[in-house]
Participant: 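Take a look at this one; I'll ask things after.
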Amino acid sequence: MSVAQTLPLIVATPLFGAAVLVGAGRRLPRYAAEMLGCLFAAGAAALALYASAATPSSTARPVEWLGGWRPHGGASVGIVLVGDRIGLGLAALVSLLALAALAYAWRYFAEPPRRHAGSFPALVLLFQAGMCGFSLTGDLFNAFVFFELMGVVAYALTGYRVEEARAVQGALVFALVNSLGAYTTLLGIGLLYARTGELGLAQIGSALDAHPGGPDALVIASFVLVVTGLLVKAAAVPFHFWLADAHAVAPTPVCMLLSGVMVELGLYGTARVYWTVFAGPGGIPAPAAHRALLALGVLTAVLGAVMCWQQRHLKRLLAYSTIAHTGLFLVGLATLTPEGLGGVALYVLAHAGVKAALFACVGILLDRFGSVDELQLHGKGRELRWAGVLFGVGGLALAGLPPFGTALGKAVIEEAAGGWATALCVLVSAATGGAVLRAGARVFLGLGPVPESAATESRPADDAAAAEETTGKEEEPETRGGRLSRIPDSMLIVPTALLAAALAVGLDPALRTGIGRAADAFTDHAGYLTAVLYGRAAEPASTPPPHWTMAGVLGGLLATALATALALVAVRRPGRREPTRWATPLRRLHSGHVGDYVAWFLAGITLLAALIV
Amino acid sequence: MSVLPYVIAAWLFLIGCYGLATSRNLIHAVGCLAVCQSSTYVLLLAIGYRDGGTAPVFSDITPGSRPVVDPVVQALTLTDIVIGATVTALLLSLVIQVAKRHRTVDPDELSELRG
């Protein structure tokens with residue numbers, strides 16, 4: 001079997017697994033259903049890893065035309081899967097993370113009602129299939145279909161605990177905003193089809209290239225519309241509002257997948273569409289794309305970091321930290337260079353491990369104590385030593401402690417984007433890492449004064465303050481029979497392995513070389529088109545692979561030291577029951593009201609169009 | 001081919017967004033999202049239209065004898081409708097759960113997720 005023939009299997013394996021679980025899950029006992037889920041997820045991961053390892057040369061892209069509808073002379077009617085190195089790597093990351101989430105969920109959920117044992121693993125497998133398909137497709141309309149597939153499953157998974165009031169509300173907001181984004185993408189695809197008569201990424205790209213000259217209104221409109229939907233998924237400001245609400249209510253294993261890889265797939269889609277379709281002479285000029293991505297990236301990073309520091313609801317804290325890091329990824333993409341892209345790829349890999357591990361630790365707290373409120377949990381985590389160690393290490397890794405992969409990715413982005421980006425990256429990672437460390441110090445070490453609200457019953461003043469924010473008190477644990485009395489080993493092994501993987505990303509030189517080559521090939525507009533349409537792969541210009549530099553190590557150490565200092569200063573002061581005054585207007589924007597979010601969505605489209613023109 | 005269908009598509013999308021932004025009832029909001037989606041159907045069908053074209057069914061016409069409309073966009077529209085049905089069904093079931101748990105379908109009264 002050639003490498004190209006494995007590409008459809010990477011998507012089909014989890015899809016088949018989901019079908020088996022839906023069909024047979026009713027009759028299977030729980031452990032058999034979950035074992036099957038893990039097997040199918042692992043099978044897809046093995047296929048994706050095999051395909052990326054067995055690709056003959058570093059620049060070759062396995063291309064599979066489904067049903068044998070190959071192009072003739074550059075014209076085609078078929079649907080294509082393209083195993084670009086970055087896409088294959090993402091498919092492997094998706095599958096491994098789905099496996100981790102399934103393993104973590106093994107002992108996590110309450111015993112499902114009889115005859116529903118297979119429903120959660122089936123949904124996760126369907127989610128995995130959608131995400132793998134999105135990373136491998138070479139067809140814009142299919143990208144939309146996979147985008148919607150992963151979207152619909154993600155809404156269902158977010159509202160998985162339908163008995164909970166908040167869960168259904170968060171899932172509804174998530175679904176409305178993301179569906180609206182998907183429809184703008186479809187409008188943009190329609191406009192591109194109107195101009196070129198093609199739906200494949202490579203075909204549209206070469207059709208646009210046939211008419212060089214500046215972009216006209218139609219090309220600009222289609223770029224803005226297509227990218228808007230993808231940026232909604234990527235949670236770029238001002239399309240980000242759904243993310244915190246969805247993460248606050250989704251079951252923890254689902255949060256691991258949402259934050260770890262689904263959000264990043266929005267960025268991948270943006271980069272993929274830009275480089276294959278719009279990077280040629282007939283597309284969007286590089287300065288305009290640079291300006292738009294950079295402006296949104298800086299806004300996203302700053303707003304995410306500020307909101308992250310303000311949170312006491314631990315899941316929302318991690319959600320806003322994801323938004324802040326998305327901003328940094330966008331800044332890296334905005335360089336439009338292979339160096340910047342390589343840095344983003346490394347950062348995404350390591351971030352997925354770290355963020356999923358942190359969510360896993362919060363899930364342990366939620367199920368042990370029935371709360372994710374930083375102040376209410378004060379000192380309670382002392383008995384959970386290993387979870388505390390993992391949470392602390394995760395916080396340091398998030399702040400960018402060398403030699404974690406997060407530090408390496410950040411350093412490469414800093415170097416590619418220039419001097420001011422160093423300041424931005426250091427401040428953002430210090431704020432997000434510092435917030436995690438602060439929460440860890442309060443919860444697991446019991447540092448700082450005991451907050452009043454934890455000692456006394458809640459008072460009317462407390463309720464008034466709480467009206468402005470989501471605290472995370474009295475959350476329903478997700479495990480069987482209420483609170484956990486003992487933490488199952490699987491729930492500790494998974495975050496340990498994830499953190500170890502994030503460390504390995506920073507240490508493995510072969511991975512760095514591979515990602516450097518992959519980024520060269522990814523940013524090679526003409527190379528992708530000829531490889532897909534004519535099956536020839538020209539060697540792209542080679543750039544030095546991402547590597548550690550002294551400045552990068554120092555930047556990482558500086559950010560970690562700043563994060564620790566911030567956390568220590570914050571812990572010394574009593575935990576505020578009221579949000580800080582200067583941030584109140586910012587918090588009011590995040591009202592949880594879907595109408596407000598749609599208004600911001602429209603403002604965002606306008607802003608994006610203004611930045612491009 | 002006149003510009004009217006494109007104007008209608010843009011108007012449908014914007015009026016749907018307006019409805020979503022100002023809705024006081026979640027079922028109404030789901031309906032508004034469906035209005036937004038119908039703008040994509042109108043746009044796709046308008047793109048595939050040919051003056052004087054007929055349906056692209058070649059059982060009773062000789063290929064090349066007369067213009068036909070573009071079948072690709074019709075296939076896309078059908079796919080889009082299937083997706084829309086899934087999303088709408090899921091959204092409505094979520095609204096039912098919201099109504100059960102919160103005892104309201106007014107988004108102004110759902111205020112548990114803030115800041």
Side-chain angles (χ1 to χ4, degrees), chain A residues 77 141 144-145 148-149 151-152 155-156 159 162-173 175-176 179-180 182-184 186-187 189-191 193-194 197 199 244-245 248-249 307 310-311 313 316 467-470 579 583-584 586-588 590-599 601-602, chain B residues 6 9-10 13-14 16-24 26 29-30 32-34 36-48 70 72-73 75-77 79-80 82-84 86-91 93-103 107-115:
Chain A
V77 292
F141 187 72
F144 164 76
V145 173
E148 277 288 89
L149 173 61
V152 171
Y155 319 147
V162 286
E163 301 301 317
E164 265 208 61
R166 288 194 199 114
V168 281
Q169 185 194 342
L172 191 68
V173 169
L176 282 171
S179 304
L180 193 59
Y183 301 149
T184 55
L186 185 59
L187 287 174
I189 295 172
L191 293 183
Y193 181 77
L199 286 169
D245 292 353
V249 301
M307 288 301 290
Q310 299 288 323
Q311 296 300 314
H313 184 296
R316 285 178 86 87
E468 287 299 326
E469 66 175 334
T470 309
T584 312
L586 208 55
R587 304 185 67 129
R588 287 225 173 106
H590 300 76
S591 59
H593 190 297
V594 70
D596 298 354
Y597 295 179
V598 171
F601 172 87
L602 289 177
Chain B
Y6 298 98
F13 187 78
L14 289 177
C17 284
Y18 173 78
L20 264 174
T22 56
S23 178
R24 297 292 305 273
L26 285 172
V30 175
C32 291
L33 188 70
C36 284
Q37 193 179 14
S38 55
S39 76
T40 62
Y41 309 151
V42 175
L43 180 81
L44 286 172
L45 293 180
I47 286 167
D70 189 346
V72 172
V73 287
L76 300 191
T77 310
T79 315
D80 190 16
V82 174
I83 292 173
T86 321
V87 172
T88 310
L90 186 72
L91 280 170
S93 60
L94 282 173
V95 173
I96 292 173
Q97 276 300 325
V98 167
K100 274 189 189 163
R101 299 295 146 208
H102 294 265
R103 309 226 160 271
D108 295 351
E109 291 174 26
L110 302 177
S111 55
E112 288 196 43
L113 293 169
R114 287 178 171 217

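These values consider heavy atoms only, across backbone and side chains, with no hydrogens, waters or symmetry-generated copies. Here is how names work: the chains are called A, B, and so on, in the same order as the sequence lines, proteins then strands, and each is numbered from 1.
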Participant: Over all heavy atoms of both residues, which pair between Val168(A) and Gln97(B) is shortest? Give the atoms and the distance, please.
Facilitator: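 Nearest heavy atoms, Val168(A) then Gln97(B): CG1-CB, 3.5 Å.
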Participant: Go through the atoms of Ala194(A) and report whether side chain, backbone, both or neither lie under 4.5 Å from a heavy atom of chain B.
Facilitator: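 Both the backbone and the side chain of Ala194(A) come within 4.5 Å of chain B.
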Participant: First locate atom CD of Glu163(A), then atom NZ of Lys100(B), and finally report the distance between them rounded to the nearest 0.5 Å.
Facilitator: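 Output value for this atom pair is 7.5 Å.
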Participant: Would you give the length of the straight line joining atom CG of Leu186(A) to atom SG of Cys36(B), rounded to the nearest 0.5 angstrom?
Facilitator: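 SG of Cys36(B) is found 12.0 Å from CG of Leu186(A).
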Participant: At their closest point, which heavy atom of Gln169(A) faces which heavy atom of His102(B), and how far apart are they?
Facilitator: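 Gln169(A) and His102(B) have their closest heavy atoms at OE1-CE1, 3.7 Å.
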Participant: For chain B, which candidate among Leu602(A), Leu180(A), Val594(A) shows the most heavy-atom pairs at distances under 4.5 Å?
Facilitator: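 Heavy-atom pairs under 4.5 Å are most numerous for Leu180(A).
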Participant: Relative to chain A, which of Leu14(B), Ile83(B), Thr86(B) shows the most heavy atom pairs under 4.5 Å?
Facilitator: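 When all of Leu14(B), Ile83(B), Thr86(B) are compared, Ile83(B) has the most.
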Participant: Is the shortest heavy-atom distance from the side chain of Leu191(A) to the side chain of Leu43(B) under 4.5 Å?
Facilitator: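 Yes, at least one pair of side-chain atoms sits under 4.5 Å.
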Participant: Could you check if a side-chain atom of Tyr183(A) sits within less than 4.5 angstrom of a side-chain atom of Val87(B), using non-hydrogen atoms only?
Facilitator: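 SC-SC contact between Tyr183(A) and Val87(B) confirmed.
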Participant: The test is side chain to side chain contact (heavy atoms under 4.5 Å, CB included); show your working for Val72(B) and Tyr193(A) and say whether it passes.
Facilitator: CA-CA 10 Å; Val72(B) 172; Tyr193(A) 181 77; 3.3 Å; yes
Participant: Is Glu148(A) close to chain B through its backbone or its side chain, or both, or neither, when contacts mean heavy atoms under 4.5 Å?
Facilitator: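 Contact with chain B: side chain only.
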Participant: If you count heavy-atom pairs under 4.5 Å between each of Val82(B), Leu94(B), Leu76(B) and chain A, which one has the most?
Facilitator: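 So the answer, after comparing Val82(B), Leu94(B), Leu76(B), is Leu76(B).
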Participant: Please flag which part of Leu199(A) lies under 4.5 Å from any non-hydrogen atom of chain B: side chain, backbone, both or neither.
Facilitator: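 Contact with chain B is through the side chain of Leu199(A) alone.
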Participant: Heavy-atom pairs under 4.5 Å with chain B: which of Ala167(A), Ala244(A), Ser179(A) has the most?
Facilitator: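 Option with the greatest count: Ser179(A).
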Participant: Would you name the heavy atoms of Ala599(A) and Ala21(B) that are closest together and state the gap between them?
Facilitator: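 Minimum heavy-atom contact is N-CB, 4.4 Å.
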Participant: What option among Ala165(A), Gly197(A), Ala182(A) has the most heavy-atom pairs under 4.5 Å with chain B?
Facilitator: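 Sorted descending by pairs with chain B, the first entry is Ala165(A).
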Participant: Would you say that Phe13(B) contacts Thr184(A) through its side chain, given a criterion of any heavy-atom pair below 4.5 Å between the two side chains?
Facilitator: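 Yes, side chains in contact.
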Participant: Tell me, please, which residues at least two apart from Asp108(B) pass salt bridge (charged side-chain N to carboxylate O under 4.0 Å, His left out).
Facilitator: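 Once residues adjacent in sequence are excluded, the partners of Asp108(B) under the salt bridge (charged side-chain N to carboxylate O under 4.0 Å, His left out) criterion are Arg24(B).
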Participant: By a 4.5 Å heavy-atom criterion (distance strictly below it), what part of Leu172(A) contacts chain B: side chain, backbone, both, or neither?
Facilitator: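 Leu172(A) touches chain B through backbone and side-chain heavy atoms alike.
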Participant: Measure the shortest side-chain to side-chain distance between Thr79(B) and Phe141(A) over non-hydrogen atoms and say whether it is less than 4.5 angstrom.
Facilitator: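 Yes, at least one pair of side-chain atoms sits under 4.5 Å.
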Participant: Under the rule for side chain to side chain contact (heavy atoms under 4.5 Å, CB included), what residues qualify as partners of Thr88(B), not counting sequence neighbours?
Facilitator: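 Val30(B), Leu92(B).
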Participant: Tell me, side chain or backbone of Ser93(B) under 4.5 Å from chain A's heavy atoms, or both, or neither?
Facilitator: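 Contact with chain A involves no heavy atom of Ser93(B) at all.
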Participant: What are the two closest non-hydrogen atoms of Ala175(A) and Leu91(B), and how far apart are they?
Facilitator: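 For Ala175(A) and Leu91(B), the tightest heavy-atom pair comes out as CB-CD2, 3.4 Å.
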